[in-house]
Every structure is written in structure tokens, then in C-alpha cells.
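Chain letters run A, B, ... following the sequence lines, proteins first, then strands; residues in each count from 1.
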2 protein chains.
Amino acid sequence: MVSIKDIAKLADVSVSTVSRVLNDQEHVSIEKRTRVLRAIKQTGYVPNRAARDMVSKRTGTIGVVMPETFNMFQRQLFSSVAHHLEQFSYYTSFYFASADVQGERACLNRLKGDRLDGIILLHEIMLGEFQTYLEENAIPTVLATFKGKEWAATSITISEEDAAQTAVNHLIALGHRDIGFIGGEKYGFASARLDGYKRALEGAGIAFDEQRLVRAQSYTMEGGAQATRSLLDRRVPCTALFAITDELALGAMRALSDRGLSVPGDMSIVGFDNIELASYSNPRLTTVSQPIPEMGQMAVALLYSLLSGSSGTPLSISLPTTFIERESTARLR
Amino acid sequence: MVSIKDIAKLADVSVSTVSRVLNDQEHVSIEKRTRVLRAIKQTGYVPNRAARDMVSKRTGTIGVVMPETFNMFQRQLFSSVAHHLEQFSYYTSFYFASADVQGERACLNRLKGDRLDGIILLHEIMLGEFQTYLEENAIPTVLATFKGKEWAATSITISEEDAAQTAVNHLIALGHRDIGFIGGEKYGFASARLDGYKRALEGAGIAFDEQRLVRAQSYTMEGGAQATRSLLDRRVPCTALFAITDELALGAMRALSDRGLSVPGDMSIVGFDNIELASYSNPRLTTVSQPIPEMGQMAVALLYSLLSGSSGTPLSISLPTTFIERESTARLR
DNA sequence: ACAGACAATGAGAACGTTTCCAGAATTCAC
DNA sequence: GTGAATTCTGGAAACGTTCTCATTGTCTGT
């Protein structure tokens with residue numbers, strides 16, 4: 001492997017000079033600079049990142065953490081983040097954590113060895129040690145799509161509860177009163193969206209009924225389908241469904257269709273996220289649109305400002321959502 | 001930052017001894033070993049990877065390259081690869097290359113600095129320099145979903161052409177003769193699937209008609225919808241469509257539905273890939289199933305054997321596909 | 001012509017680890 | 001008991017960079 005010394009020898013200059021050229025520093029004559037550049041080109045030399053990192057005490061790397069089995073919303077968010085990250089001169093490392101304690105711990109351990117300069121978390125982390133590590137080492141952190149309960153980190157979110165309430169209100173406005181809820185496990189957004197659902201019912205004077213609530217095992221279409229089947233099996237009358245995720249909603253549509261129920265004829269459905277697929281399903285899905293590209297952009301911008309040394313109380317930014325009416329909801333006949 | 005020296009001091013042993021403990025080597029007394037381990041635990045010490053990599057001349061890292069805007073098939077493949085990669089003790093770095101020459105070059109440059117021990121490519125790379133670099137540096141490489149033309153690397157593929165032919169044959173068997181083709185740009189699999197389509201027509205004595213061929217701008221649902229619209233606008237009669245990707249097929253279904261055509265009543269559709277979504281669409285999509293989990297597993301296994309020093313002519317493995325009939329195809333009335 | 005400022009350059013320390021080597025301590029075979 | 005083999009241990013070199021510092025050379029203003 002060709003090293004900086006080889007380049008120095010080949011260009012007949014000192015190692016220091018090569019380093020200066022490499023890092024675009026001044027105090028190098030045009031003549032030597034071109035000689036060095038020629039040698040680099042000739043040998044195909046690329047600086048050894050490990051060596052560079054070691055001496056400079058920083059890796060120039062920012063980490064992006066996401067679930068190993070990310071859903072389509074997270075996939076789109078990831079795209080946006082990755083795209084904006086390319087703009088500026090940091091390396092990016094991606095970490096995929098399986099959604100359990102061991103998975104998060106394994107992820108954390110990988111992280112630690114990498115000595116990141118900054119980090120963006122694209123999903124809620126359950127493991128307390130994660131927060132501890134980041135705080136103790138004062139690693140600039142941006143939380144996207146969630147806030148830490150007692151974690152005073154920069155975050156970018158939407159008002160989950162309000163958005164969910166709006167979605168359910170739409171169903172109510174269409175005359176529905178028996179509205180099922182397809183939720184999920186664990187995460188903060190799941191309970192926030194449930195709260196929004198409850199608030200909407202309350203606002204309309206509809207009693208909340210535990211029987212109309214079902215939690216999917218996983219945030220997948222399969223999870224949504226299963227949950228819907230078990231809801232239907234309970235035989236509590238429902239004319240509409242609110243699913244806290246588009247993928248759950250799509251799974252629900254599949255399950256309904258399998259039971260010979262039509263959407264929105266027999267059942268209206270509202271989703272949440274507005275993933276790309278929502279406008280390609282049949283029928284198109286009425287949903288709450290999250291500003292995914294902006295969330296990614298903001299997350300990157302916020303991290304950048306942290307890395308540039310901005311201080312003070314961490315910003316906690318909430319972006320607006322939009323309710324999108326498509327074809328999966330209809331007025332109750 | 002706490003370093004190995006701090007641990008040595010704290011445990012009152014030499015740096016060498018700490019290093020031995022760290023790397024699970026023998027020749028350390030139980031007593032000192034426990035002292036070292038205690039010190040590590042106490043301080044939360046994690047070895048600096050950069051330093052470690054530098055001296056050991058290897059990074060213990062394997063790289064996974066995929067397109068920045070990966071489609072659902074690639075997403076599932078990625079999952080499988082990531083999952084199997086976790087089993088063994090290499091670090092994994094993910095690289096996302098935007099699908100153009102600059103993107104691939106940028107990706108390559110990032111790669112180079114990282115001095116990978118091995119690499120898995122999850123999509124066809126156009127940039128020749130990529131191959132050159134990997135070959136010149138003798139980096140163990142596995143190509144997944146494609147083969148290099150003149151690249152004698154280990155690869156794992158399916159027989160694209162045969163599978164496509166089978167898919168189109170199915171349409172023919174249902175009585176269809178006017179079969180549109182929704183293809184795409186650039187990649188080898190696109191032309192292989194086109195060849196399969198042509199061969200099926202030929203086998204049935206149906207003349208290939210350029211007018212029934214359309215290429216999507218991108219391998220997305222939007223791309224499929226657009227392509228389908230332009231095909232419909234040509235007003236060449238078609239009773240069936242073969243899309244070389246499930247996502248294109250789903251976009252096509254959307255476009256047809258928008259024009260008031262029903263699937264499979266007015267038009268049969270066959271896709272390719274069998275992404276998760278294919279069994280959740282409405283109607284469910286008839287398609288060619290790729291053995292995605294196995295492909296990922298194989299790719300990892302093959303890389304592992306390369307890293308373990310297996311040599312000889314690189315293996316080129318082709319996995320079988322399955323044709324899956326669902327609801328998007330029907331007999332021509 | 002001379003001091004002072006500044007540009008160009010290279011020598012060498014430092015970063016945190018692994019690994020080679022040699023010495024000390026212990027065990028083993030007779 | 002003796003010598004040989006083996007285990008344990010620490011010192012120090014090496015890895016490929018960056019960065020500080022000192023030296024030399026070239027201007028500039030008087």
C-alpha cells in the first residue's frame with residue numbers, strides 16, 4: 001500500500017509538504033504542489049483514514065442510526081438525510097439496530113469504537129445507556145421523529161397527537177362514530193397517536209371503547225392485516241378505521257378485502273405518514289402527510305449547527321403536517 | 001478519552017498485557033486478566049478503532065454497496081445481507097451510491113480510504129474504475145444480483161432471462177398475444193428480462209413489436225405509471241403487460257385504474273421480484289419470486305469463504321426463481 | 001544596506017494500538 | 001538437582017498521518 005512517504009519520495013519533497021497539499025493548506029509553492037499532485041495521481045494514492053483519524057483525534061464522521069427493519073417512512077426519511085449529508089464534508093456511517101435491547105446495545109458498542117463527531121437518531125432508542133454515552137461524551141446529537149423524555153437533545157418532530165386528532169376528526173365529520181384503532185407497541189409515537197384518537201372521540205362526545213382498539217405485533221402490512229382480522233373477529237361494529245401507520249392501513253385494506261369488505265364502501269380507512277405507496281394503492285389512501293424531506297433536511301441542518309459549535313438550550317423543532325384526503329374514506333351512508 | 005495506557009496504569013500492568021486481554025490472547029494470568037477487565041469496566045473503555053486498524057493493516061470491515069435510492073427489492077435484499085453479516089465478527093460499512101457516474105466515483109473514493117477487507121455489491125456498478133480498484137487490491141468481492149461482463153468475481157444471480165420468459169409464457173398460455181413490455185434503462189437485468197420476453201414471444205410465434213415496448217425513466221411506481229400512460233397513448237392494442245419490476249407493475253396498475261381500465265378484467269399484469277407489497281396490492285400481483293433471503297445469505301456465505309482464503313476460480317451461483325400466480329392475470333376472454 | 005515580516009520547507013514528536021523480542025518465573029522430564 | 005521447555009510479562013518499535021517548531025529564503029520599507 002502506497003503511503004504518504006512514498007509520495008514524498010516520489011515528488012522529492014518532505015512528508016509535511018505532502019500533508020499540506022493533501023489538506024489544501026497554504027504555504028506550498030505551485031511547483032511542489034503540482035509535483036505532489038502528479039505523484040498522487042500516478043500512484044493512485046489515497047490517505048489512510050485510520051492513521052488520519054488517530055492523530056487528528058476526530059473521525060470527521062457522523063453516524064446515522066436506524067432500525068434494522070426500517071419501514072417505508074423511515075426509508076424515505078433515511079434517503080433525505082443521506083442526501084443532505086452528502087453536501088458537507090463529513091463521512092457518514094450508518095448503523096442498523098435491531099429493535100430490541102440487545103440490538104441497541106450491539107449498535108451502541110459499534111458506535112463507541114468509531115468515535116463519532118455527531119449523530120442522528122432516526123428512531124426512538126429504548127436503551128438508556130445510549131443517551132448516557134452520548135451525553136457523557138458530549139457528542140452532538142439530533143433526534144429525528146421523537147423526543148427524549150428526559151433527554152435535552154436537539155430534536156425534530158411533528159405534533160403527533162394533533163395530527164392524529166385531525167385524522168380522526170375527519171372520519172367523525174364524515175358521520176362515523178364507530179371508529180376502530182389500529183395501533184402498535186413500544187414507541188412514543190404510538191401512544192401519542194392513540195392520545196390524539198381519544199381526544200378526537202372525546203371532542204365529539206363519543207365514548208372510548210377498548211374493544212375497538214387493537215395493537216399490531218409489528219409495523220408492517222402483515223402486522224396491520226393480522227390486527228385487523230382480530231378486530232373483525234371481535235364483532236364489534238366499526239364503520240371506519242384509523243391506523244397509526246400507512247403500512248398498517250395498507251395491511252388492513254388487504255384484510256378487509258379478503259373478508260369481502262370494500263373500502264371505503266363498507267369501511268373507511270385513514271392512515272398516517274403518507275409514504276409514497278399511499279398514492280399508489282387501490283383505493284388511494286387518505287392519510288396524514290409528514291414532511292419527510294424537510295425533516296431530513298432539518299435534522300442535517302441542526303446537526304451541522306451543533307457541529308459548528310452552536311450552543312445554548314437545544315432546539316426542539318416541530319414541523320407541520322398536512323391531512324390528505326384521498327379515496328379510502330367516505331361519508332357514512 | 002481513556003486509552004489503553006490508562007487501563008494499564010489503573011490495573012498496574014503493562015500495555016502489552018492489556019492488549020492481550022483485549023484480544024483474547026493467552027499468556028495472561030487469571031489474576032491480571034481480572035484486574036484489567038475490572039479497569040475496563042470501571043472506565044467504560046473502548047479500544048480506538050482507528051489506532052487498531054492502523055497498526056494491524058486491516059480494518060476488519062466489510063463494505064456493502066447499494067444504490068442511494070434503493071427499491072423495495074433491494075431493501076429486502078439489504079435486510080437479509082445485514083442480518084447474516086451480524087453473525088460473524090467483522091464490522092460492516094454501508095455505502096450508498098447515487099446511480100450515476102459521479103455518484104459511483106464518490107462512493108469509490110470513500111471506499112478506498114476505508115481499506116475494506118471485503119465487499120458485497122448489491123447492484124450493478126457501471127464505473128470501470130470500481131472493478132479495477134477491487135481487482136488491483138485483490139479485495140474479496142461478491143456481486144449480488146448481477147455478473148460483471150469481464151469481471152471474474154464471485155457472483156450470485158438468478159437466470160433473469162428464463163424467469164422472464166416463464167412469466168411471459170404464462171400470459172401467452174392465458175391466451176394473450178398483445179403483450180406490452182414495461183422495461184427500464186441501463187442495467188443488465190433490464191435487457192436480460194427483455195430478452196426473456198422476446199424469446200417467449202418468439203416461442204409462440206408472436207412477432208416482436210417495438211411499439212409495445214416502453215422504458216420507464218426510473219424503477220419506481222411513478223416511473224411505471226408514466227411509462228404505462230405513454231404506452232396507452234400510443235393506442236396499440238394490449239391485453240396484457242409484463243413489467244420487469246414489481247414496482248413498475250404497481251405503478252402500471254395505478255395508471256390503468258386511473259384510465260378506467262380494470263386489472264385483470266381489461267388488462268393482465270405480471271411483475272418481477274415478488275416484493276412484500278406484491279401480495280398486499282389490490283388485486284394481488286402475479287409475479288416472479290426471487291429468493292431474496294437466500295440471495296443475501298449466499299452472498300454473505302460466499303464472502304466469508306473468500307475471506308477465509310478460499311481460492312480457485314470464483315464461483316458463479318445462480319439461484320432458482322418461482323413463478324407465483326395471483327390475481328392480476330386472467331384468461332383472455 | 002538592513003531590519004523586520006512573512007512565505008516555504010522539512011525534521012521530528014505525537015496519536016493509540018499491536019506485535020516482536022527478550023527476560024523472568026515457573027513447570028517439566030530425567 | 002539440573003537443564004530444557006513453557007508460561008508470563010513488559011519494553012519498545014512500528015503503523016501513516018498531522019502538527020508544532022525551527023530554519024531558510026524572499027520580499028518590503030526605510
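Rounded to whole Å, the distance from CZ on B:Arg33 to P on D:dT7 is 14 Å. In this structure, A:Glu26 places its CD atom 11 Å from C1' of C:dA8, rounding to the nearest Å. We find that NE2 of A:His27 is positioned 16 Å from P of C:dA5, with the value rounded to whole Å. Here the C1' atom of nucleotide D:dT18 and the CG atom of A:Asn48 are 13 Å apart, to the nearest Å. If you take CD1 of B:Ile4 and P of D:dG10, they are 12 Å apart, rounded to a whole angstrom. If you measure from atom CE of B:Met54 to atom C1' of D:dT17, you get 7 Å, rounded to the nearest angstrom. Atom pair B:Leu22:CG and C:dT18:C1' shows a separation of 10 Å (rounding to whole Å applied). The interatomic distance linking A:Arg49 (CZ) with D:dT18 (P) rounds to 13 Å, in whole Å.
At the heavy-atom level, A:Ser56 lies nowhere under 4.0 Å from the strands shown. At a threshold of 4.0 angstrom between heavy atoms, the contacts of A:Ser16 include nucleobase atoms, whether or not backbone atoms are also involved.
Annotation: B:Phe94 is in aromatic contact with B:Phe78 [ring centroid separation under 6.0 Å]. Ring centroid separation for the pair A:Phe189 and A:Tyr219 comes in under the 6.0 Å cut-off.
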Using atom names, set out every protein N or O paired with an N or O of nucleotides 25-27 of chain C below 3.5 Å, distance rounded to 0.1 Å.
none

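Among the nucleotides C:dC15, C:dT9, D:dT17, the one closest to any side-chain atom of A:Ser29 is C:dT9. Considering only the side chain of A:Arg52, D:dT17 comes nearest among C:dG16, C:dG10, D:dT17. When the nucleotides C:dT9, D:dG10, D:dC8 are ranked by their closest atom to the side chain of A:Thr17, C:dT9 comes out on top. The listed nucleotides are C:dT17, C:dT18, C:dC20; the one nearest the side chain of B:Asn23 is C:dT18. In the set D:dT17, D:dA14, D:dT9, D:dT17 carries the atom at the smallest distance from any side-chain atom of A:Val55. Comparing D:dC15, D:dG10, C:dT9 against the side chain of A:Arg20 picks out C:dT9 as the nearest.
B:Arg20 places no side-chain N or O within donor-acceptor distance of the main-chain N or O of B:Gln25, the cut-off being under 3.5 Å. Between the side chain of A:Gln74 and the main chain of A:Asn71, a donor-acceptor pair closer than 3.5 Å is present. The main-chain N or O of A:Gly188 is found under 3.5 Å from a side-chain atom of A:Glu124 such that the two form a donor-acceptor pair. Judged by distance alone, the side chain of A:Asp53 and the main-chain N or O of A:Ala50 form no donor-acceptor pair under 3.5 Å.
Residue B:Ser79 is tested with B:Arg75, B:His83, B:Gln76 for a side chain to side chain donor-acceptor pair (under 3.5 Å); the sole match is B:Arg75.
Summarising the geometry, atom CE belonging to A:Met72 is positioned 9.5 Å from atom OG1 belonging to A:Thr220; distances are rounded to the nearest 0.5 Å. The line from OG1 of B:Thr17 to CG of B:Asp12 is 10.5 Å long, rounded to the nearest 0.5 Å.
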Can I get a per-line list of side-chain donor-acceptor pairs under 3.5 Å for residues 291-308 of chain A, giving both atom names and the distance, sequence neighbours left out?
residue: A:Ser305; atom: OG; partner: A:Leu302; partner atom: O; Å: 3.0
residue: A:Ser308; atom: OG; partner: A:Tyr304; partner atom: O; Å: 2.7

Pairs of donor and acceptor atoms involving the side chains of residues 136-150 of chain A, under 3.5 Å and at least two apart or interchain, shall be tabulated with distances.
residue: A:Thr141; atom: OG1; partner: A:Ile139; partner atom: O; Å: 2.7

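Listed by chain and residue number, A:Asp117 satisfy the salt bridge (charged side-chain N to carboxylate O under 4.0 Å, His left out) test with A:Arg58 (two or more places apart in sequence, or in another chain).
Annotation: the terminal axes of the helix from C:dA1-D:dT30 to C:dC30-D:dG1 meet at 30°, where each axis is the rotation carrying the C1' atoms of four end pairs onto the next four (5 pairs per end, rounded to 10°).
Within the 4.0 Å cut-off from OP1 or OP2 of D:dC8, not a single side-chain nitrogen or oxygen of B:Lys32 is found. Using a 4.0 Å cut-off, no side-chain N or O of B:Ser19 falls inside it from OP1 or OP2 of C:dT17.
With salt bridges taken as basic N to acidic carboxylate O contacts below 4.0 Å, one links B:Asp114 and A:Arg49.
A heavy atom closer than 4.0 Å to some atom of DNA chain D occurs in B:Val13, B:Ser14, these being the qualifying members of residues 7-15 of chain B.
Projected onto DNA chain D by closest heavy-atom contact, B:Lys57 and B:Ile30 fall at different nucleotides, the more 5' of which corresponds to B:Ile30.
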